[in-house]
Amino acid sequence: WITRQFAVTRPLPTYLLAIAVGPMESAPIPDLPVPGRIYTPSGKLGLSSYAADLAAPILQAQQSYFGMQSPYEKLDFVAVPEYWPGAMEHPGIITFKDSIILLDPDTISADQHRVAVKVISHEFAHQWFGNLVTMEWWDDLWLNEAFADWLGDKIVMELFPDTRNDLI
């Protein structure tokens with residue numbers, strides 16, 4: 001048995017709790033303004049560098065927009081096989097469908113690039129819209145999603161105009 005000790009987390013809605021288990025590999029996310037790692041199923045770490053390299057500029061642009069640092073002490077990515085939601089913005093750890101962030105830089109298509117930057121930016125925006133500031137009740141969930149879509153798309157168009165995200 002192994003005992004793990006976790007830092008005390010400030011109060012947050014229960015739907016934002018995340019625990020990732022399984023045989024995984026990890027690597028640091030380079031140049032991220034907060035500590036962060038990308039976790040992949042064993043044997044898939046070699047496909048993580050493309051998404052990891054996208055993370056820092058997107059987070060830095062959002063921090064600049066908000067005029068404040070990321071609201072959480074760390075920000076990890078977890079690639080989840082067969083993950084039907086696509087992604088989820090847990091505070092400090094974002095879970096992604098593996099096909100969104102595990103990409104071969106030599107064969108990536110324009111659509112895969114567009115989806116990766118759009119989803120990463122959207123989920124980062126949730127660190128402020130939805131996590132730091134959370135709706136009072138479920139009937140206001142649309143507001144978190146609308147703000148995350150708006151800011152996510154704004155940042156994608158600033159940093160990656162080649163995606164033509166404004167036409168989608």
Side-chain angles (χ1 to χ4, degrees), residues 4 6-22 24 29 32-41 48 51-52 54-103 111-161 163-168:
R4 300 280 185 204
F6 296 96
V8 175
T9 303
R10 64 180 158 203
L12 56 100
T14 56
Y15 81 96
L16 292 175
L17 175 70
I19 299 173
V21 297
M24 292 187 260
I29 298 175
L32 206 60
V34 295
R37 300 188 70 78
I38 188 164
Y39 292 86
T40 71
S48 68
L54 296 172
I58 293 171
L59 185 59
Q60 289 165 354
Q62 290 192 8
Q63 288 182 154
S64 177
Y65 176 81
F66 284 108
M68 65 180 280
Q69 292 294 313
S70 176
Y72 298 96
E73 295 77 31
K74 70 173 185 74
L75 191 52
D76 296 331
F77 285 12
V78 178
V80 181
E82 301 178 32
Y83 188 46
W84 69 266
M88 180 62 191
E89 70 275 2
H90 311 283
I93 186 170
I94 301 172
T95 53
F96 293 92
K97 182 177 182 179
D98 58 354
S99 62
I100 293 172
I101 62 167
L102 298 183
L103 303 164
D111 190 55
Q112 287 173 309
H113 169 73
R114 184 190 54 77
V115 168
V117 296
K118 184 174 178 65
V119 174
I120 291 168
S121 189
H122 174 94
E123 299 307 324
F124 277 1
H126 272 306
Q127 298 303 305
W128 288 273
F129 297 126
N131 294 358
L132 182 62
V133 177
T134 299
M135 73 275 178
E136 186 173 346
W137 191 243
W138 292 101
D139 58 353
D140 292 324
L141 184 62
W142 68 272
L143 198 52
N144 292 351
E145 292 303 324
F147 280 132
D149 270 351
W150 173 77
L151 182 62
D153 288 348
K154 176 180 174 46
I155 297 302
V156 167
M157 287 309 301
E158 283 178 19
L159 298 178
F160 308 99
T163 63
R164 295 310 318 238
N165 197 51
D166 56 332
L167 299 178
I168 298 190

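Numbering starts at 1 and runs along the sequence shown.
Side-chain contact, Glu145 with His122: a donor N or O sits under 3.5 Å from an acceptor N or O.
A pairwise comparison of heavy atoms in Asn144 and His126 identifies O-CE1, 3.5 Å as the closest pair. For the residue pair Ala18 and Ile93, the shortest heavy atom distance occurs at CB-CG2, 3.8 Å. Contact record, Trp128 with Ser70: CZ2-CA, 3.7 Å, taken as the closest heavy-atom pair. In this structure, Ala125 and Gly152 approach most closely via the heavy-atom pair CB-N, 4.3 Å. The two residues Phe96 and Ala87 have their closest heavy-atom pair at CD2-CB, 3.9 Å. When all heavy atoms of Ile29 and Ala55 are compared, the pair lying nearest together is CG2-CB, 3.7 Å.
The side-chain hydrogen bond (donor to acceptor under 3.5 Å, both in side chains) analysis of residues 54-69, with sequence neighbours excluded, yields the pairs Gln62-Ser121.
Considering only residues two or more places apart in sequence or on other chains, Val80 meets the side-chain contact (heavy atoms from CB on, under 4.5 Å) condition with Val78, Tyr83, Thr95. In this structure, the side-chain hydrogen bond (donor to acceptor under 3.5 Å, both in side chains) partners of Asp76, at least two apart in sequence or on a different chain, are Lys74.
Between Phe160 and Leu54 the shortest side-chain heavy-atom distance falls below 4.5 Å. Looking at Met88 and Leu16, their side chains come closer than 4.5 Å, going by heavy atoms from C-beta outward.
Rounding to the nearest 0.5 Å places OG1 of Thr40 at 13.0 Å from CZ of Phe77. The NZ atom of Lys97 sits 12.0 Å away from atom CG of Leu102, with the distance rounded to the nearest 0.5 Å. We find the CD1-CD1 distance between Ile58 and Ile120 to be 5.0 Å, quoted to the nearest 0.5 Å. Taking CD1 from Ile94 and CD from Gln127, the interatomic distance works out to 5.0 Å, rounded to the nearest 0.5 Å. Atoms CG and NZ, from Asp111 and Lys118 in turn, are 11.5 Å apart once rounded to the nearest 0.5 Å. In this structure, the separation between CD1 on Ile38 and CG on Leu75 is 10.5 Å, given to the nearest 0.5 Å.
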Steps toward side chain to side chain contact (heavy atoms under 4.5 Å, CB included) verdict (Phe124, Ile155): CA-CA 10 Å; Phe124 277 1; Ile155 297 302; over 6 Å; no
Val117 vs Leu159, side chain to side chain contact (heavy atoms under 4.5 Å, CB included): CA-CA, chis, key distance, verdict: CA-CA 9 Å; Val117 296; Leu159 298 178; over 6 Å; no
